[in-house]
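Handing you this structure, nothing more for now.
Just so you know, these numbers come straight off a predicted model, no measurement behind them.
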Amino acid sequence: GAGVSQTPSNKVTEKGKYVELRCDPISGHTALYWYRQSLGQGPEFLIYFQGTGAADDSGLPNDRFFAVRPEGSVSTLKIQRTERGDSAVYLCASSPDPAPNEQFFGPGTRLTVL
Amino acid sequence: AQSVAQPEDQVNVAEGNPLTVKCTYSVSGNPYLFWYVQYPNRGLQFLLKYITGDNLVKGSYGFEAEFNKSQTSFHLKKPSALVSDSALYFCAVRDMAGTGRRALTFGSGTRLQVQP
């Protein structure tokens, strides 16, 4: 079956611009996670959705970052007024439910802010 | 707060030899523990997990890991390394406590290099 997909695979933008990153989770997975991975580091948690609601957004670094999941499936991570420090690989993961199942990761979106 | 430490940035091993990639963790309650592998330009792939039960957990591609509560460790092992095992390995933890964070906390990763 299809895994987690993320679009675009690469995004280059200029400082100050707005970007949207999309995640399509595995069908039927109710839990969806966004992580950010900087070069040479492990993924860092950003936000977790259970269904349509953001159950935990404590990892969002500041109010320039926002994510939605309006129908409980596809999610969009939105970054306003991008900064060079936002450059990273943004990973999306999904799992069947909040229980401690493994999370299935997408290939990521590499964001470069010039 | 939960945290994971992977003390080795890189592990080098000869093909056919046993390998160990170290991981220690810290959580307020009991842990759920995971190992993931990342190949170049690819997403994280799940290897194995410890939830409860036997301390020795077996996973994909011949990997296993041993949960040691007293040492708060969850080292990844394989009896005989393959060149194709060369990749970046991440240990991750989640707090079992109901109030704990549902998301995973990852270590900084260990690059495994298996030499032919």
Q: Could you tell me which portion of A:Glu44 (side chain, backbone, both or neither) has an atom closer than 4.5 angstrom to a non-hydrogen atom of chain B?
A: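 For A:Glu44, there is no contact with chain B at all, as no heavy atom is under 4.5 Å.
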
Q. Could you give all pairs that pass the side-chain hydrogen bond (donor to acceptor under 3.5 Å, both in side chains) test and reach residues 106-115 of chain B, with sequence neighbours left out?
A.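 Output for this query lists B:Gln6-B:Thr110.
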
Q | Test: A:Glu20 and A:Lys11 ion pair at under 4.0 Å | A |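 Salt bridge absent between A:Glu20 and A:Lys11.
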
Q. Taking the side chain from B:Thr24 and the backbone from B:Ser73, do they hold a donor-acceptor pair closer than 3.5 Å?
A.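 Side chain of B:Thr24 to backbone of B:Ser73: no pair is present.
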
Q. Among pairs that include at least one residue of residues 50-65 of chain B, which meet salt bridge (Lys or Arg N to Asp or Glu O under 4.0 Å), considering only residues two or more places apart or in two chains?
A.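 Of all non-adjacent pairs touching residues 50-65 of chain B, those that pass salt bridge (Lys or Arg N to Asp or Glu O under 4.0 Å) are B:Lys58-B:Glu64.
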
Cut-off 3.5 Å, no hydrogens considered: what does the side-chain donor-acceptor table look like for residues 74-84 of chain B, sequence neighbours left out?
{"from": "B:His75", "atom 1": "ND1", "to": "B:Cys23", "atom 2": "N", "distance (Å)": "3.0"}
{"from": "B:His75", "atom 1": "ND1", "to": "B:Cys23", "atom 2": "O", "distance (Å)": "3.4"}
{"from": "B:Lys78", "atom 1": "NZ", "to": "B:Tyr61", "atom 2": "O", "distance (Å)": "3.1"}
{"from": "B:Lys78", "atom 1": "NZ", "to": "B:Asp85", "atom 2": "OD1", "distance (Å)": "3.1"}
{"from": "B:Lys78", "atom 1": "NZ", "to": "B:Asp85", "atom 2": "OD2", "distance (Å)": "2.8"}
{"from": "B:Ser80", "atom 1": "OG", "to": "B:Gly16", "atom 2": "O", "distance (Å)": "3.4"}

**Q.** Leading residue by heavy atom contact count with chain B [cutoff under 4.5 Å; candidates A:Gln41, A:Arg110, A:Gln37]
**A.**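 Highest number of pairs under 4.5 Å: A:Gln37.
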
**Q.** Evaluation steps, side chain to side chain contact (heavy atoms under 4.5 Å, CB included), between B:Phe90 and B:Gln38
**A.** CA-CA 8 Å; B:Phe90 290 97; B:Gln38 189 173 40; 3.2 Å; yes

(Q) With a strict 4.5 Å heavy-atom criterion, list every residue of residues 72-79 of chain A that contacts chain B, or say none. (A)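 So no residue qualifies.
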
Q.
With no hydrogens and no angle check, just 3.5 Å: does a side-chain donor-acceptor pair link B:Gln10 and B:Asn12?
A.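 Yes, because at least one side-chain N or O of B:Gln10 sits under 3.5 Å from a partner of the opposite role on B:Asn12.
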
